Amino acid sequence: QVQLVESGGGLVQPGGSLRLSCAASGSFISINAMGWYRQAPGNQRELVAVMTRGGSTNYADSVKGRFSISRDDAKNTIDLQMNSLKPEDTAVYYCNANFLLVSGTFRPYWGQGTQVTVSS
């Protein structure tokens, strides 16, 4: 069984910062890409940032220069540092990771989501 647990969401004023963390646990061989997605009310879930096992990153245009993704493969964690937050960043943020399972297959998993609200 594989699990992703997020933490770090909350309420912040515009211009503020938050750091989200996601920890993977369970039985797996390795983790390929890890990333963060978000979903605002009435919108589809969208990519925020992703990092491959090799360290390559991809960011949504709307967060470039403000958000930074990092991972620690020794701890199986992925973090998202969010700076200069805007009200339009308000959403539920989900952690996603693609696991190589002990069965030899790849399978993506999602965390339960953490609410980020940017408001004065």
Side-chain angles (χ1 to χ4, degrees):
Q1 187 74 4
V2 172
Q3 190 175 19
L4 291 169
V5 178
E6 300 119 332
S7 60
L11 173 64
V12 64
Q13 292 186 343
S17 298
L18 279 176
R19 188 176 183 87
L20 305 182
S21 296
C22 175
S25 62
S27 298
F28 54 89
I29 297 174
S30 64
I31 305 174
N32 196 358
M34 298 184 78
W36 291 91
Y37 293 70
R38 67 187 181 187
Q39 187 168 18
N43 291 355
Q44 290 187 333
R45 191 172 297 187
E46 62 177 5
L47 172 71
V48 176
V50 64
M51 179 179 281
T52 68
R53 186 170 180 82
S56 298
T57 58
N58 186 34
Y59 292 91
D61 288 342
S62 60
V63 307
K64 285 180 180 177
R66 300 188 297 122
F67 291 11
S68 179
I69 192 171
S70 60
R71 66 187 281 175
D72 186 334
D73 288 329
K75 297 180 180 180
N76 295 319
T77 59
I78 184 93
D79 291 351
L80 184 69
Q81 178 65 42
M82 305 184 294
N83 300 325
S84 302
L85 282 160
K86 305 175 181 179
E88 51 264 42
D89 294 317
T90 296
V92 178
Y93 284 69
Y94 296 91
C95 176
N96 174 273
N98 195 20
F99 293 87
L100 176 58
L101 303 177
V102 293
S103 61
T105 59
F106 283 97
R107 180 180 170 184
Y109 283 80
W110 293 93
Q112 80 284 359
T114 185
Q115 177 70 46
V116 171
T117 302
V118 184
S119 175
S120 55

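As the structure is a computational prediction, the values presented were derived from the model and not from experiment.
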Compute the centroid of each ring, for W36 and then for F67, and state whether the two points are separated by less than 6.0 Å.
no
Before giving the answer on side chain to side chain contact (heavy atoms under 4.5 Å, CB included), spell out for Y37 and C95 the whole-Å C-alpha distance, their side-chain angles and the decisive distance to 0.1 Å.
CA-CA 6 Å; Y37 293 70; C95 176; over 6 Å; no
Please examine the side chains of Q112 and V92, heavy atoms only from C-beta on, and report whether any two atoms are closer than 4.5 Å.
no
Q39 side chain reached by E46 side chain, heavy atoms, under 4.5 Å:
no
Side-chain ion pair, R19 and D79, N-O less than 4.0 Å
yes
Distance-only criterion, 3.5 Å: show the donor-acceptor pairs between side-chain atoms of residues 25-33 and protein atoms not counting sequence neighbours.
none

To the nearest 0.5 Å, atom OG1 of T52 lies from atom CG of N98 at 11.5 Å
Quick one: do R53 and D73 satisfy side chain to side chain contact (heavy atoms under 4.5 Å, CB included)? Show the steps, please.
CA-CA 8 Å; R53 186 170 180 82; D73 288 329; 4.2 Å; yes
With a distance cut-off below 6.0 Å to the six-membered ring centre and an angular limit of 45° from the axis, does R45 pair with Y94 as a cation-pi contact?
yes
For the residue pair Y109 and F99, does the interplanar ring angle fall in the parallel (under 30°), tilted (30 to 60°) or perpendicular (over 60°) class?
perpendicular
State, with a plain yes or no, whether a side-chain heavy atom of L20 is found less than 4.5 Å away from one of T114.
yes
Under a 4.5 Å side-chain heavy-atom rule over Ile, Leu, Val, Met, Phe, Trp and Tyr, are V5 and W110 clustered together?
no
In Å and rounded to the nearest 0.5 Å, what is the CG to CD distance from L80 to E6?
11.0 Å
Could you grab the distance from atom CZ of R107 to atom CG of L100, nearest 0.5 Å is fine?
13.5 Å
Atom pair OG/CZ of S62 and R66 - distance to nearest 0.5 Å
6.5 Å
Hphob cluster co-occupancy, M51 + M82, side-chain heavy atoms under 4.5 angstrom:
yes
Rounded distance [0.5 Å steps], CG in N76 versus CD1 in I78
11.0 Å
Between the side chain of T90 and the main-chain N/O of V118, is any donor-acceptor distance below 3.5 Å?
yes
Grouping I, L, V, M, F, W and Y whenever their side-chain heavy atoms are under 4.5 Å apart, do F106 and V2 come out in a common cluster?
no
Side chain to side chain, L18 and V116, heavy atoms closer than 4.5 Å:
yes
CE-CG distance between M34 and L4, expressed to the nearest 0.5 angstrom:
6.0 Å
With a 3.5 Å cut-off and no angle check, do the side chains of S119 and T117 form a donor-acceptor pair?
no
For K86, is there an ion pair with D89 - N to carboxylate O distance below 4.0 angstrom?
no
Shortest non-hydrogen contact between P108 and N96, atoms and distance
CB-ND2, 4.2 Å
Around atom CD of E88, are there more than 12 heavy atoms of other residues, nucleotides or ligands at under 6.0 Å?
yes
Can N83 and S17 be counted as having a side-chain donor-acceptor contact under 3.5 angstrom?
yes
Is it true that V12 and Y93 fall in one hydrophobic cluster, defined by side-chain heavy atoms closer than 4.5 Å?
yes
Shortest non-hydrogen contact between A40 and A91, atoms and distance:
N-CB, 3.8 Å
